[in-house]
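Written below as structure tokens is the structure these notes are about.
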Amino acid sequence: MDVLIVGAGAMGTWFGRATDATVTFADVDADAAAAAAERVGGDAETTALEGPDSYDVVCLAVPMTHVVDAIADHAHRAERAILDVSGVMGPPLETMAEHAPELERASLHPLFAPERAPGSIAVVRDESGPTIEGLLETLDAGGNDLIETTATEHDDAMETVQATTHAAVLSFALAADSVPDGFETPIYEGLRTLTEQFTEGTPRVYADIQQTFDGADAVADAAATVADADAEELESLYREAASQWQPDPPADEAAARSETTDDATNETPK
């Protein structure tokens, strides 16, 4: 099986390593394609982005804001199957169905940074067959956990898992001041750890996520509600949050008030 991977960034390189196939890279940056082929090794090679050659499989590993156009441009180069690993599923699958209705089609979203592979991969089999199944079997054998889903379920979930989460962490990163050593609390340390991990990433990727999925507005609205709330309203907001996230929230106000401040908030300084 030969696979054309359009996009020679981290995710395209990961797919090239993860699949058991002869891999060819194409990218707007020819040097990036050559570097990806070198990293993958084996029979990996490069081709022109607008080359005439066809392949058993075409995998689009481009940013999610460009994946629809990339599918339209390269679907004709696929002979058996086409898939993407862009991170959004609805629009790519619709475009694949339009431009490659006779082919096997799938959308994959590795839910991890490539350097932390293997991990969980969300999978939508839009039109499966032996080629797509063979690729998925290889990914499964490589230690990945394949999560069957639908495009709607996935994209709805990503509004919270990615857009809302990233907006909240970025807001904390921008709003928080440094504090003297020794003043950390468990909650602050947890957020600081998330912020350090978050800011190791690629800014363009996070920008693409915010452009593709809703979520930031919900964070802004929640922060404004908290900022404008009086003490009674804040207690109500806290209980509302606890009811969503705690399996056994306090049964009543008296029970909540019987807790000490340190126990209730877990905010005792070290």
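Within the 4.5 Å cutoff, the side chain of Thr149 has heavy atoms near those of the Val124 side chain. Using a 4.5 Å heavy-atom threshold, the side chains of Val123 and Leu136 count as touching. Between Arg39 and Trp14 there is no side-chain heavy-atom pair separated by less than 4.5 Å. For the pair Phe183/Asp181, no side-chain contact is recorded, criterion being any heavy-atom separation below 4.5 Å from C-beta on. Phe25 places none of its side-chain heavy atoms less than 4.5 Å from the side chain of Leu4. Contact of the Thr24 side chain with the Tyr55 side chain is registered, since non-hydrogen atoms from C-beta on lie closer than 4.5 Å. Looking only at side-chain heavy atoms (C-beta outward), Met158 and Leu111 come within less than 4.5 Å of each other. You'll find the side chain of Ile121 stays beyond 4.5 Å of the side chain of Asp145, heavy atoms only.
Checked by atom type and distance alone, the side chain of Asn144 pairs as donor or acceptor with a backbone atom of Leu139 at under 3.5 Å. Using modelled atom types, no side-chain atom of Thr138 and backbone atom of Thr19 make a donor-acceptor pair closer than 3.5 Å. The closest donor-acceptor contact from the side chain of Ser171 to the backbone of Ala167 lies under 3.5 Å. Judged by distance alone, the side chain of Ser243 and the main-chain N or O of Glu240 form a donor-acceptor pair under 3.5 Å. Distance alone, capped at 3.5 Å, places no donor-acceptor pair between the Asp27 side chain and the Ala33 backbone. Put simply, the side chain of Glu184 gets close to the backbone of Gly182: a donor and an acceptor are under 3.5 Å apart. Between the side chain of Glu233 and the main chain of Asp230, a donor-acceptor pair closer than 3.5 Å is present. Side chain of Thr202 to backbone of Arg204: no donor-acceptor contact under 3.5 angstrom is found.
In this structure, Trp245 stands alone, with no Ile, Leu, Val, Met, Phe, Trp or Tyr side-chain heavy atom under 4.5 Å from its own, directly or through other members. Residue Val226 is found in a hydrophobic cluster whose other members, listed by chain and number, are Leu234, Leu237; membership requires side-chain heavy atoms under 4.5 Å apart, directly or through intermediates.
Partners of Ser54 according to the side chain to side chain donor-acceptor pair (under 3.5 Å) rule, which considers only residues two or more places apart in sequence or in another chain, are Glu79. Annotation: ring pair (Phe, Tyr, Trp, His ring centres under 6.0 Å) contacts of His74 (sequence neighbours excluded): none. The side-chain contact (heavy atoms from CB on, under 4.5 Å) search around Ala81 returns Val57, Glu104, Thr131, Ile132, not counting sequence neighbours. Asp73 meets the salt bridge (charged side-chain N to carboxylate O under 4.0 Å, His left out) test with no other residue; sequence neighbours excluded. The ring pair (Phe, Tyr, Trp, His ring centres under 6.0 Å) test applied to His166 returns Phe198, Tyr206, not counting sequence neighbours. For His99, the side chain to side chain donor-acceptor pair (under 3.5 Å) criterion is met by no residue, not counting sequence neighbours. Remark: Ser120 pairs with no residue by the side chain to side chain donor-acceptor pair (under 3.5 Å) rule, at least two apart or across chains. In this structure, the side chain to side chain donor-acceptor pair (under 3.5 Å) partners of Asp126, at least two apart in sequence or on a different chain, are Arg105.
To the nearest 0.5 Å, atoms CZ (Phe213) and OG1 (Thr160) are separated by 11.0 Å. The CD atom of Glu137 sits 11.5 Å away from atom CG of Asp20, with the distance rounded to the nearest 0.5 Å. Expressed to the nearest 0.5 Å, how far CE of Met89 lies from OG of Ser107 amounts to 4.0 Å. In this structure, the separation between CD on Glu45 and CD on Glu38 is 14.5 Å, given to the nearest 0.5 Å. Rounding to the nearest 0.5 Å places CD of Glu98 at 10.0 Å from CD1 of Ile71. To the nearest 0.5 Å, atoms CZ (Phe15) and CG (Asp84) are separated by 10.0 Å.
Put simply, Leu108 and Val62 are part of two different groups of oily side chains (I, L, V, M, F, W, Y) that touch within less than 4.5 Å, one to the next. When hydrophobic clusters are built by joining Ile, Leu, Val, Met, Phe, Trp and Tyr residues whose side-chain heavy atoms come closer than 4.5 Å, directly or via intermediates, Leu93 is grouped together with Ile82. Following chains of ILVMFWY side-chain contacts shorter than 4.5 Å, one can reach Val205 starting from Val88, so the two form part of one hydrophobic cluster. Note: the hydrophobic cluster containing Val6 also contains Met96 (ILVMFWY, side chain heavy atoms under 4.5 Å, direct or indirect links). Taking hydrophobic clusters as Ile, Leu, Val, Met, Phe, Trp and Tyr residues chained together by side-chain heavy-atom distances below 4.5 Å, Leu146 shares a cluster with Leu83.
Thr195 pairs with exactly one of Leu170, Val169, Leu174 by the side-chain contact (heavy atoms from CB on, under 4.5 Å) rule, that one being Val169.
Considering all non-hydrogen atoms of both residues, Cys59 and Val3 come closest at CB-CG1, 4.4 Å. Taking each heavy atom of Pro63 and Asp208 in turn, the nearest pair found is CB-OD2, 3.3 Å. The minimum heavy-atom distance linking Val67 with Leu60 is given by the pair CG2-CB, 4.2 Å. Looking at every heavy atom in both residues, Met1 comes nearest to Leu135 through SD-CD2, 3.9 Å. For the pair Ile5 and Gly12, the tightest heavy-atom approach, listed with the atom from each and the gap, is CD1-O, 3.6 Å. Taking all atoms of both residues into account, the shortest heavy-atom contact from Ala36 to Thr13 is CB-OG1, 3.6 Å.
Legend: ring pair (Phe, Tyr, Trp, His ring centres under 6.0 Å) pairs involving residues 137-159, not counting sequence neighbours, sorted by first then second residue: His109-His154. Sorted by first and then second residue, the salt bridge (Lys or Arg N to Asp or Glu O under 4.0 Å) pairs involving residues 147-164 (not counting sequence neighbours) are Arg125-Glu148.
Under a cut-off of 6.0 angstrom, the local environment of CG in Asp53 is crowded, with over 12 non-hydrogen atoms contributed by other residues, nucleotides or ligands. Within a 6.0 Å radius of CD in Glu232, other residues, nucleotides and ligands contribute 12 heavy atoms or fewer.
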